[in-house]
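Working notes for the structure below.
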There are 2 protein chains.
Amino acid sequence: MGVTIKQIAETVGVSAATVSRALNGLPGVGPRVRKRIASEAARRGYSPDAHARALVTGRVPFLALVVPDITNPFFPAVARGAEEEAALRGCSLLLVDTGDRPERLEHALDLLSSRRVAGLVLAVPAANGQAARIAGRVVMAGVDAPPRSRVPVVGVDDRLGGRLVGRHLAALGRRSLAFVSGPARDRSSRLRLAGLRDEIPRDLLGPVSHGRWTVESGREQGRALFRSSSPPDAIFAANDLLAIGVAQAASDAGLAVGRDVALVGYDDVEVAGLASVPLTTVSQPKLELGRVAARTLLDAIDGLDTPLPALLEPRLVVRRSCGSAPDFATREVP
Amino acid sequence: MGVTIKQIAETVGVSAATVSRALNGLPGVGPRVRKRIASEAARRGYSPDAHARALVTGRVPFLALVVPDITNPFFPAVARGAEEEAALRGCSLLLVDTGDRPERLEHALDLLSSRRVAGLVLAVPAANGQAARIAGRVVMAGVDAPPRSRVPVVGVDDRLGGRLVGRHLAALGRRSLAFVSGPARDRSSRLRLAGLRDEIPRDLLGPVSHGRWTVESGREQGRALFRSSSPPDAIFAANDLLAIGVAQAASDAGLAVGRDVALVGYDDVEVAGLASVPLTTVSQPKLELGRVAARTLLDAIDGLDTPLPALLEPRLVVRRSCGSAPDFATREVP
DNA sequence: TTGTACGCGTTATCAC
DNA sequence: GTGATAACGCGTACAA
């Protein structure tokens with residue numbers, strides 16, 4: 001550690017320039033010298049200083065992934081995918097957890113202006129004014145870009161996800177279907193519902209309710225449903241946490257999930273498969289999301305023509321919460 | 001973006017050195033010039049180049065956290081804690097997910113020699129030979145240091161965790177207690193069992209079995225237990241995933257967790273609270289682990305006398321899987 | 001094939 | 001109080 005190109009040059013008896021060329025595999029170095037340089041560098045454990053190199057080449061070997069909450073089971077997989085892809089291109093991945101605090105997002109943008117990182121993968125919504133300072137060095141992952149901003153977006157097709165659920169539920173022959181969701185203003189709420197509507201008969205859809213993306217909210221919304229005079233016999237919860245809450249409410253009401261009420265979630269977080277009645281749900285390609293987002297970003301940075309905004313495909317994972325039931329095993333439907 | 005100290009200097013009509021001093025709050029700049037420089041810098045959105053600064057100061061504003069699997073719910077919280085602490089000291093956090101591949105750990109060590117990062121928080125076990133190249137720039141978090149290596153360690157007191165469980169179970173008046181665990185070679189397996197033994201009557205402890213740290217393994221070990229002629233009426237599973245598996249096995253055997261069999265897990269991952277019978281478990285201070293590890297590392301880098309190896313305290317979280325049961329609410333016992 | 005010279009953007013050490 | 005000037009470690013025209 002602390003070995004410089006100059007020291008290598010000195011002991012080998014050549015100039016620093018030659019060492020640089022040799023180590024970077026550039027032409028114009030005799031095979032003999034090349035060998036000696038290589039072995040000397042290996043012996044002393046030389047490794048070029050990243051910052052000196054960044055300074056002269058203008059290329060920074062860092063990317064940052066900005067997430068609202070890394071403890072939310074959705075994001076670690078995205079992070080893993082992004083890191084894999086970044087590593088493939090010689091970059092390391094910074095993690096920025098905003099905890100939904102706006103000043104942390106500002107901090108992430110500062111990383112860009114101080115050139116700590118070459119680009120940002122934003123998995124949190126950004127405001128409009130912020131988009132200006134970041135042209136070409138940012139890609140959105142799973143969230144909308146600021147309006148009129150030309151920031152590339154990589155996302156998962158929520159409407160298709162809704163359709164997958166609709167098709168599955170329609171085939172079950174249930175009589176009344178309820179939709180339980182997060183905030184009405186969230187686009188994913190709306191798109192998942194729209195997809196559902198695409199695939200089911202009009203008169204099948206009963207109550208639609210909104211709340212937060214939490215277990216508690218699911219429990220409350222479920223309680224309200226089961227308390228009504230004509231409770232639904234099928235429920236689509238727009239994420240898994242809501243679904244867990246609905247399942248609790250069902251259990252409270254003495255109803256058996258999978259028999260008395262069919263239940264479908266969304267996201268396929270780990271707990272979905274471990275619930276008392278394993279949850280049929282829509283799996284998002286989280287790893288792929290991170291991977292494609294990182295790739296898109298790196299391409300944009302390299303000045304390659306930005307590929308089209310990517311829309312990845314979710315898939316239905318059938319478990320036992322709708323009554324069909326191959327034991328604890330999981331059957332996947334593409 | 002791309003604004004340099006020189007450009008600021010030119011438009012303000014001073015030298016680059018003065019701008020540097022002014023912006024860094026160093027003495028020796030007149031209040032008038034200082035103002036003008038500050039406002040000009042703000043106007044052009046100047047932000048110093050991190051790499052140029054690193055080059056000259058020798059201080060690198062990056063730390064790396066190395067984890068075996070970021071999708072394991074234990075690590076995101078550690079990451080969040082480490083990032084918070086790093087941010088407090090002006091550092092950003094790199095994430096390296098090894099996926100248990102040794103070459104990825106090597107890669108992390110390369111980050112150090114190329115000075116991409118100032119230090120490493122290792123949450124994966126490292127070999128002995130590797131410790132040499134990293135003296136003073138590494139701290140272990142939740143795993144043992146390589147033998148005879150003087151690398152600081154921050155961990156959680158597994159033996160105390162075992163004791164907390166033992167005390168709780170002993171008070172329940174059950175007749176036969178089984179211990180279900182991960183690999184016998186893992187130190188945490190052994191320490192948690194040792195702690196358990198500290199607190200329970202000798203003849204209470206029945207079968208001790210080992211497997212992997214997974215749901216499936218828990219289900220298998222549980223199945224074996226319930227199939228025996230004298231099944232236990234209490235079980236301590238050495239992590240939550242195992243406990244979930246045991247709960248499944250109990251359910252398969254027609255036994256009710258919390259009534260027929262008391263069950264305790266370990267880790268307090270999210271799913272523990274969401275299980276069909278919310279799980280009594282031992283919560284590890286994951287955030288704190290990351291925080292303290294990062295702090296220890298930064299202190300070591302700054303040459304401060306390395307604080308003593310830290311051993312954090314776990315705490316018992318009582319839910320419903322042992323029969324005592326304040327509804328779905330969670331009661332915490334310090 | 002190899003060496004010299006310069007610049008990347010910043011901080012630090014001198015003078016003045 | 002302020003301004004040259006020299007590093008920091010590396011890559012790269014250009015000259016030899």
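Throughout, protein chains are lettered first and strands after them, A, B, ... in sequence-line order, and every chain is numbered starting at 1. Since the structure is predicted, the reported quantities are computational estimates derived from the model, not experimental observations.
- Taken over five-pair windows at either terminus, the axes of the helix from C:dT1-D:dA16 to C:dC16-D:dG1 are inclined to one another by 50° (rounded to 10 degrees).
- Closest-nucleotide positions on DNA chain D for A:Ala17 and B:Val56 were compared, and the one nearer the 5' end corresponds to B:Val56.
- Between B:Lys286 and B:Asp267 there is no salt bridge, since no side-chain N of the basic residue sits under 4.0 Å from a carboxylate O of the acidic one.
- What separates CG of A:Asp49 from P of D:dC8 is a distance of 12 Å, to the nearest Å.
- Projected onto DNA chain C by closest heavy-atom contact, B:Tyr46 and A:Ala16 fall at different nucleotides, the more 5' of which corresponds to A:Ala16.
- Ranked by how close their nearest DNA chain C nucleotide is to the 5' end, A:Thr18 and B:Ser47 are led by A:Thr18.
- Regarding B:Ile5, its CD1 atom lies at a distance of 13 Å from the P atom of D:dG3, rounded to whole Å.
- The phosphate of D:dC10 (OP1 or OP2) has no side-chain N or O of A:Arg53 nearer than 4.0 angstrom.
- For the pair A:Ile8 CD1 and D:dG9 P, the interatomic distance rounds to 13 Å; values are reported in whole Å.
- Atom NZ of B:Lys6 is separated from atom P of C:dT10 by 9 Å (rounded to the nearest Å).
- Interface remark: the B:Arg21 side chain does form a donor-acceptor pair with the D:dG3 base, using a distance-only criterion of under 3.5 Å.
- Between the side chain of A:Asn72 and the main chain of A:Phe74, a donor-acceptor pair closer than 3.5 Å is present.
- No side-chain donor-acceptor contact under 3.5 Å links B:Ser20 to the backbone of B:Ala16.
- Between B:Ala52 and B:Gly30, the residue anchored closer to the 5' end of DNA chain D is B:Gly30, taking for each the nucleotide with the nearest heavy atom.
- At the heavy-atom level, A:Gly28 lies under 4.0 Å from base atoms of the strands shown.
- Side-chain atoms of A:Ser92 and B:Arg116 form a donor-acceptor pair, as typed in the model, at a separation below 3.5 Å.
- The minimum heavy-atom distance between B:Glu270 and A:Pro73, with the atom names listed, is OE1-CG, 3.9 Å.
- Without hydrogens or angle criteria, A:His51 side chain to B:Val60 main chain gives no donor-acceptor distance under 3.5 Å.
- B:Val29 comes within 4.0 angstrom of sugar-phosphate atoms only, judged by non-hydrogen atoms across all strands, and of no base.
- Atom P of nucleotide C:dT10 and atom CZ of B:Arg59 are separated by 18 Å, given to the nearest angstrom.
- The residue B:Thr4 sits close only to the backbone: its heavy atoms come under 4.0 Å of sugar-phosphate atoms, none of a base.
- One finds a salt bridge joining A:Glu40 and A:Arg43 here, because a Lys/Arg side-chain nitrogen approaches an Asp/Glu carboxylate oxygen to under 4.0 Å.
- Among the nucleotides D:dG9, D:dT2, D:dG11, the one closest to any side-chain atom of A:Thr57 is D:dG11.
- Side-chain nitrogen and oxygen atoms of A:Ser20 include at least one within less than 4.0 Å of the OP1 or OP2 phosphate oxygen of D:dG11.
- D:dC10 atom P lies 15 Å from atom NE2 of B:His51, rounded to whole Å.
- The interatomic distance linking B:Leu23 (CG) with C:dT11 (C1') rounds to 12 Å, in whole Å.
- In this structure, the CG atom of A:Leu26 is 9 Å from the C1' atom of D:dG11, given to the nearest Å.
- No more than 12 heavy-atom neighbours from other residues, nucleotides or ligands sit within 6.0 angstrom of CZ on A:Arg187.
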